[in-house]
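Residue indices begin at 1 and follow the sequence shown. Keep in mind that the numbers below use all heavy atoms, side chains included, and drop hydrogens, waters and symmetry copies.
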Amino acid sequence: MWFGFTDFMEELLLEEQAIMDSMEIDRVNKVRKLLMMSANKRIPLSKIHHCRRLFGIPDDFRDRVGKYPNYFKTVVESDGKRILELVNWDPLLAVSALESEFMVDEDRAKRAFKFPVKHGKDLDLDVDDRRKLNLLNTLPLVSPYSDGSKLDVWTLEAEKHRVGVIHEFLNLTLEKRASIHHIVEFKEEFSLTKHTYHMLLKQPRTFYLAGTEMNWVVFLKDAYDENGVLIKKDPQVLFDEKLYKYAQMQETGPSSDI
């Protein structure tokens, strides 16, 4: 017995491989940024491989890293686990999407997160005064590329860091969204806590959570239009959408657009 792909499917596979090859540097930079956000600038290769589709990383990335000795180093620990380590820190990459937006649209960046200041009702603050007071807690932002492992886990600074890390993490994904399983995968590396779900619930301006607490997906709201459609689509996303369209077709023929 023998199984094989049709010529049409072979063409699709070649097209996807071409996308992977053309986007290799972009994917390499995504991994570099993940390493730069991690506490010790190192992440097990198995974790990156497990979440590879989230970032558009090719299946053979573990073999491709050898092409970039100036960026990565693979270390094999005593238990056989392979760890990917950052070789060089790049200050040009250590700028988050939110920090870049701050330079373009300061007011919009200021509204991204909200860390309310607790105050007595007797202050009788109007809306504008409350906004100005809350900005005292919201700013300055804490860069996700700073070392969050050195912060006291229950401080406001640490929470700002965790929120910033997840915001940047989602920005690096192809579809600007991730499930709890993807996020928790990097819990140790990104100094996250078991209260991540409740932390994100307090930031409805930026994050949209769907599903249940045990199986939720978090979306970056600004990455989607009012109809819930991703605004900027990576070439891999466009290819996947085309593949889904073909998969839903019952038959092909002269009237189809294949």
Side-chain angles (χ1 to χ4, degrees), residues 29-43 47-48 51 54-55 85-86 88-119 129-173 176-180 182-209 216-223:
N29 285 337
K30 286 180 185 291
V31 176
R32 292 171 69 192
K33 289 172 80 71
L34 288 173
L35 288 169
M36 291 169 69
M37 284 195 294
S38 65
N40 298 310
K41 311 302 176 277
R42 63 200 310 265
I43 298 175
K47 293 189 176 185
I48 297 175
C51 297
L54 197 64
F55 304 100
E85 293 187 350
L86 184 71
N88 290 312
W89 180 272
D90 188 344
L92 296 179
L93 286 181
V95 179
S96 69
L98 193 61
E99 289 170 321
S100 297
E101 184 177 337
F102 189 87
M103 292 183 282
V104 177
D105 190 341
E106 184 175 333
D107 289 336
R108 183 176 179 181
K110 286 179 178 178
R111 293 193 300 269
F113 302 135
K114 183 179 180 181
F115 300 95
V117 176
K118 294 182 180 180
H119 57 78
D129 286 336
R130 283 200 302 271
R131 183 185 67 82
K132 291 179 180 178
L133 183 61
N134 288 334
L135 277 178
L136 295 176
N137 262 6
T138 301
L139 298 174
L141 301 172
V142 178
S143 172
Y145 295 100
S146 59
D147 190 352
S149 64
K150 295 181 179 179
L151 299 173
D152 185 336
V153 69
W154 302 119
T155 62
L156 178 61
E157 293 298 298
E159 183 169 344
K160 286 183 182 181
H161 179 267
R162 291 192 292 269
V163 169
V165 163
I166 294 177
H167 186 280
E168 184 72 352
F169 180 90
L170 294 175
N171 258 298
L172 294 176
T173 65
K176 314 305 178 192
R177 64 184 175 94
S179 71
I180 181 175
H182 292 134
I183 295 173
V184 172
E185 188 84 17
F186 301 92
K187 179 181 176 181
E188 292 78 17
E189 287 78 14
F190 295 156
S191 304
L192 301 177
T193 73
K194 63 180 180 180
H195 303 293
T196 298
Y197 175 81
H198 298 287
M199 179 185 73
L200 295 179
L201 277 179
K202 295 188 294 183
Q203 305 295 341
R205 296 177 179 178
T206 297
F207 304 113
Y208 173 74
L209 278 67
W216 48 268
V217 177
V218 55
F219 296 76
L220 274 184
K221 293 179 70 172
D222 285 347

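Distance check: His198 NE2 to Leu200 CG gives 10.5 Å after rounding to the nearest 0.5 Å. Expressed to the nearest 0.5 Å, how far CD of Glu188 lies from OG of Ser149 amounts to 12.5 Å. With values rounded to the nearest 0.5 angstrom, Glu168 atom CD is found 10.5 Å from Thr173 atom OG1.
For the pair Lys221 (side chain) and Thr206 (backbone), a donor-acceptor distance under 3.5 Å is absent. Counting only distance, with no hydrogens or angles, the side chain of Arg162 and the backbone of Pro144 share no donor-acceptor pair below 3.5 Å.
By the 4.5 Å heavy-atom criterion applied to side chains, Lys47 and His182 are not counted as neighbours. Looking only at side-chain heavy atoms (C-beta outward), Lys30 and Leu54 stay at 4.5 Å or farther from each other. Considering only heavy atoms from C-beta on, Lys187 stays 4.5 Å or farther from Thr196 through its side chain. You'll find the side chain of Val217 stays beyond 4.5 Å of the side chain of Leu209, heavy atoms only. Looking only at side-chain heavy atoms (C-beta outward), Ile183 and Tyr197 stay at 4.5 Å or farther from each other.
For Ala158 against Asp152, the heavy-atom pair with the smallest separation is CB-O, 3.1 Å. Annotation for Ser143 and Glu99: closest pair CB-OE2, 3.4 Å, computed over non-hydrogen atoms. Taking each heavy atom of Ser146 and His161 in turn, the nearest pair found is O-NE2, 3.1 Å. Closest non-hydrogen pair, Pro204 versus Leu201, comes out as CD-O, 3.6 Å. Here the closest heavy-atom approach between residue Tyr145 and residue Ser96 is recorded as CE1-N, 3.8 Å. In terms of heavy-atom proximity, Ile43 sits nearest to Leu35 at N-CD2, 3.6 Å.
Note on Arg42 versus Glu189: no salt bridge recorded, every NZ/NE/NH1/NH2 to OD/OE distance being 4.0 Å or above. Ion pair Glu159/Lys202 flagged as a salt bridge, since at least one NZ, NE, NH1 or NH2 atom sits closer than 4.0 Å to an Asp/Glu carboxylate oxygen. Using a 4.0 Å cut-off between charged nitrogen and carboxylate oxygen, Glu85 and Lys41 do not count as a salt-bridge pair.
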**Report entry** side-chain contact (heavy atoms from CB on, under 4.5 Å) assessment of Phe207 paired with Asp222
**Finding:** CA-CA 9 Å; Phe207 304 113; Asp222 285 347; over 6 Å; no
Query raised in the report: Are Arg177 and Leu220 close enough, and set up right, to give a side-chain contact (heavy atoms from CB on, under 4.5 Å), and what steps lead you there?
Result: CA-CA 6 Å; Arg177 64 184 175 94; Leu220 274 184; over 6 Å; no
Requested in this report: Show the numbers, then the answer: is there a side-chain contact (heavy atoms from CB on, under 4.5 Å) between Leu192 and Val184?
Outcome: CA-CA 8 Å; Leu192 301 177; Val184 172; over 6 Å; no
Requested in this report: Go through the steps to decide whether Val163 and Lys160 satisfy the test side-chain contact (heavy atoms from CB on, under 4.5 Å), and finish with yes or no.
Outcome: CA-CA 5 Å; Val163 169; Lys160 286 183 182 181; 5.9 Å; no
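Aromatic ring orientation, Tyr208 versus Phe219: tilted (interplanar angle from 30° to 60°).
Shown here is Asn40, whose CG atom has no more than 12 heavy atoms of other residues, nucleotides or ligands within 6.0 Å.
Applying the ring-ring contact (aromatic ring centres under 6.0 Å, His included) test to Phe186 and every residue at least two apart in sequence or in another chain returns Phe169, Phe190.
Among the candidates Asn171, Val165, Leu170, the single residue satisfying the side-chain contact (heavy atoms from CB on, under 4.5 Å) test with His167 is Asn171.
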